[in-house]
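As structure tokens, the structure follows; a few thoughts come after it.
Letters A, B, ... are given to chains in the order of the sequence lines, protein chains preceding strands, and every chain is numbered from 1.
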Amino acid sequence: MTVRVRFAPSPTGHLHVGSARTALYNWLFARNRGGVFILRSDDTDTERSEVEYHEDILSGLRWMGLDWDEGLEVGGPHGTYRQSDRLDRYRQAAEELVAAGHAYYDLATPEQLEESRKAAQSENRSPAYRGEYRGEGVVPGKPIRFAMRRPHATEFEDLVRGSVRFDHDDVDDFVILRSDGTPTYHLASTVDDVDFGITHVVRGEDILPSTPKHIALTTALGAPPATYAHLALINGPDGKKLSKRHGHTSLRAYREMGYLPEAISNYLAILGWAPGPDEEIVSLDTMVERFDLADVSRNPAVFDLAKLEWMNGVYIRAMAVPDFVGRSLPLAEAGLGRTLDAGERTLFEAVAPLIQERAKLLTEVPEQTRFLFTDPIEYDPGSWDKVMTKPEAVVAVEGAIARLDALSDWSTGSIEEALRGMLDEHGLSAGKGLQPIRVAVTGSSVSPPLFESLEALGRERSLARLQEAAGRLRA
RNA sequence: GCCCCCAUCGUCCAGCGGCCUAGGACGCCGGCCUUUCAAGCCGGCAACACGGGUUCGAAUCCCGUUGGGGGCACCA
């Protein structure tokens, strides 16, 4: 049987990195098995759903390199993959379930419901609600609940958790159709999974406790239950569910911070799964080859930003230079607020490889290249205080002016030779003597390699900056 | 309160009864290289939560304890 999986986010927020990983695992599983990956929108919560989020989710998935075979913007045999378009289907299903005796209109008032829950709790029983106030015919203004079979239990083999069992005494008779006639998540999601022929439901562990409800519903709908796989959640450094207070949680945020999609998908995949012993830098293709839900870890993983950063650096260094230029040039231009002309582009291309070797984030490129395109240079106050207040600063800067001014061949090699001569002349170490020149020319104590930077900047601008710094030092 | 899930270095993962004096990666510490910052190279610190079983033999299987996480909506 062909594997059919689905990723079914609710457009009630930006695509969360945890959801992104769920999507990735679904996709990997489908691709590994030669199956079908379906993208659906679980937007039954019309209050909180927004188009902006809907689009964020689609673009996030595409950015990661995931594609889908059926569903949103692709279509397929089911016409629509948006739950808000299928409201009639869900209502009809709910009514059929009532007719078949699997569900009932709940006549209870909110007070009676509350009372029932309190009673259970005070008796140290599970507060599972049993719907003591049933109505059979159509009762407008009342919600429909699914009647869990009791006494009974649901037991199933979860692909990642193994055998799981829930006693129905601990499971609510849950609402499937709200009193306003709209479906709840349980109904809509299950009906869709049945209608779309989903064979494997791969989702977060947070809905593991709802699984007996979904299995009961599926069976009542007359379909064989899907195989389930519940993924452990991603936690913050404190071991609690990853949330805003740990930093950024949306995929978009990482994208904007300068992370590469290859690094993100690789890191997310590694968080709870190993492509092989002692191997963790792997392409999407390799992941597809090796992925299996049975190998996914059962314990929750802590999101480690430091490791993500390291991995991003690995991917940046692995890029072909033109590719690096292509991806980082727009960032540099955005940082400057203008486009670069042909000459400036050449400068950018000259220093880009030097930055590529040392950057962990693409967003480091604008700050590292700024000195090439901004006149007059802005000095970083911290760097100035740290370097230019030292006694050797004046000597080094003025020595550099003298040597470089006399230089006939303006190339990295000659510049290095000239400046090293200056260091010797004044008895300065490279560490001490070159830093003031770096600050004078780039504005910062952290920059691409100095001699190359000087060559790129050109004689005239380099000397002007050294003069400018010398003037400030004298003042 | 009730239910469920989980448990190997600080973090992620390997280990699926003997190959384990427990391996890799990130991070951290020290060193080398070095014009800053990185990168690279070398070395180091660091874990099987605890208690019972099962077995000739347990990180690996079973039970319990403890600890952590998730869920208990007319939200998904």
Between A:Glu416 and A:Arg420, is there a side-chain N and carboxylate O pair less than 4.0 Å apart?
yes
Please check if the side chain of A:Tyr254 supplies one atom and the backbone of A:His248 the other of a donor-acceptor pair under 3.5 Å.
yes
May I ask you to say what A:Ser297 touches in the nucleic acid, namely base, sugar-phosphate or nothing, with a heavy-atom cut-off under 4.0 Å?
sugar-phosphate
Need one value for A:Gly204: base, sugar-phosphate or nothing, where a base atom within 4.0 Å counts as base even if backbone is also close, heavy atoms only.
nothing
Rounded to whole Å, please give me the gap between CZ in A:Phe174 and C1' in B:rA76.
14 Å
Sort out the partner of B:rA25 for me: Watson-Crick or G-U wobble, both distances under 3.5 Å, none otherwise.
B:rU11
Detail all sub-3.5 Å separations between protein N/O atoms and N/O atoms belonging to nucleotides 5-7 of chain B.
| residue | atom | partner | partner atom | Å |
| --- | --- | --- | --- | --- |
| B:rC5 | O2' | A:Arg161 | NE | 3.0 |
| B:rC5 | O2' | A:Arg161 | NH2 | 3.0 |
| B:rC5 | O2' | A:Glu205 | OE2 | 2.6 |

Interatomic distance at P, B:rC9 relative to B:rA46, whole Å:
14 Å
What is the nucleic acid contact for A:Arg48, judged by heavy atoms within less than 4.0 Å: base, sugar-phosphate only, or nothing?
base
Qualifying residues under ring pair (Phe, Tyr, Trp, His ring centres under 6.0 Å), relative to A:Phe324, sequence neighbours excluded:
none
Under the salt bridge (charged side-chain N to carboxylate O under 4.0 Å, His left out) test, which residues partner A:Glu155, sequence neighbours left out?
A:Arg165
Specify the separation, in whole Å, of atom CG of A:Asp206 and atom P of B:rG68.
20 Å
Do A:His246 and A:Phe303 have ring centres separated by under 6.0 Å?
no
Please list each protein N or O that sits under 3.5 Å from an N or O in nucleotides 28-35 of chain B, with the distance.
| residue | atom | partner | partner atom | Å |
| --- | --- | --- | --- | --- |
| B:rU35 | OP1 | A:Arg420 | NH2 | 2.6 |
| B:rU35 | O2' | A:Arg438 | NH2 | 3.0 |
| B:rU35 | O2 | A:Arg438 | NH2 | 2.6 |
| B:rU35 | O2 | A:Leu450 | N | 3.4 |

Residue closer to the 5' end of RNA chain B, A:Asp278 versus A:Gln83 (nearest nucleotide)
A:Asp278
Counting heavy atoms from C-beta on, name the nucleotide in B:rA14, B:rG24, B:rG1 closest to the side chain of A:Pro277.
B:rA14
Ring centroid separation A:Phe371 to A:Phe348 under 6.0 Å:
no
A:Asn312 atom CG is separated from B:rA38 atom C1', nearest whole Å, by 14 Å
Testing the basics here: between A:Ser179 and A:Gly141, what is the closest heavy-atom pair and its distance to 0.1 Å?
CB-O, 3.4 Å
With a distance cut-off below 6.0 Å to the six-membered ring centre and an angular limit of 45° from the axis, does A:Arg21 pair with A:Tyr25 as a cation-pi contact?
yes
For B:rU36 and A:Ser444 - does any side-chain N or O of the residue sit under 4.0 Å from the phosphate oxygens OP1/OP2?
no
Atom pairs under 3.5 Å: protein N/O with N/O of nucleotides 72-74 of chain B:
| residue | atom | partner | partner atom | Å |
| --- | --- | --- | --- | --- |
| B:rC74 | OP2 | A:Arg145 | NH2 | 3.2 |
| B:rC74 | O2 | A:Ser179 | N | 3.0 |
| B:rC74 | O2 | A:Ser179 | OG | 3.1 |
| B:rC74 | N3 | A:Ser179 | OG | 2.8 |

Closest to the A:Leu271 side chain, choosing from B:rC12, B:rG27, B:rA76
B:rC12
Length of the line joining A:Gln121:CD and B:rG1:P, which is rounded to integer Å
9 Å
Along nucleotides 42-47 of chain B, 5' to 3', which nucleotides get a B, which get an S, and which get a -, given that the test is a protein heavy-atom distance under 4.0 Å?
------
Ring-face cation contact, A:Tyr81 with A:Arg40, 6.0 Å cut, 45° max
no
Using a strict cut-off of less than 4.0 Å between a Lys/Arg side-chain nitrogen and an Asp/Glu carboxylate oxygen, indicate whether A:Arg134 and A:Asp173 qualify as a salt bridge.
yes
